[in-house]
Novice: 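Quick one: the structure is below, questions incoming.
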Amino acid sequence: MTISSEIVQWDHTSISELIKTADRLLYQAKRSGRNTILQ
């Protein structure tokens with residue numbers, strides 16, 4: 001089992017921007033290899 005994850009800090013921007021950032025970081029983590037956490 002492997003995991004790729006992201007940590008996003010909400011800086012009071014819109015929820016859609018928060019989701020876009022989280023999505024971008026998740027796919028970046030997946031491209032970086034297994035067992036990766038980005039923030």
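Along the sequence shown, residues carry numbers from 1.
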Novice: How long is the gap from OG1 on Thr21 to CG on Leu25, to the nearest 0.5 Å?
Specialist: 6.5 Å

Novice: Working to the nearest 0.5 angstrom, can you tell me the gap between Arg31 CZ and Leu26 CG?
Specialist: 9.5 Å

Novice: Quick one: side-chain contact (heavy atoms from CB on, under 4.5 Å) partners of Thr13, sequence neighbours excluded?
Specialist: Trp10, Asp11, Glu17

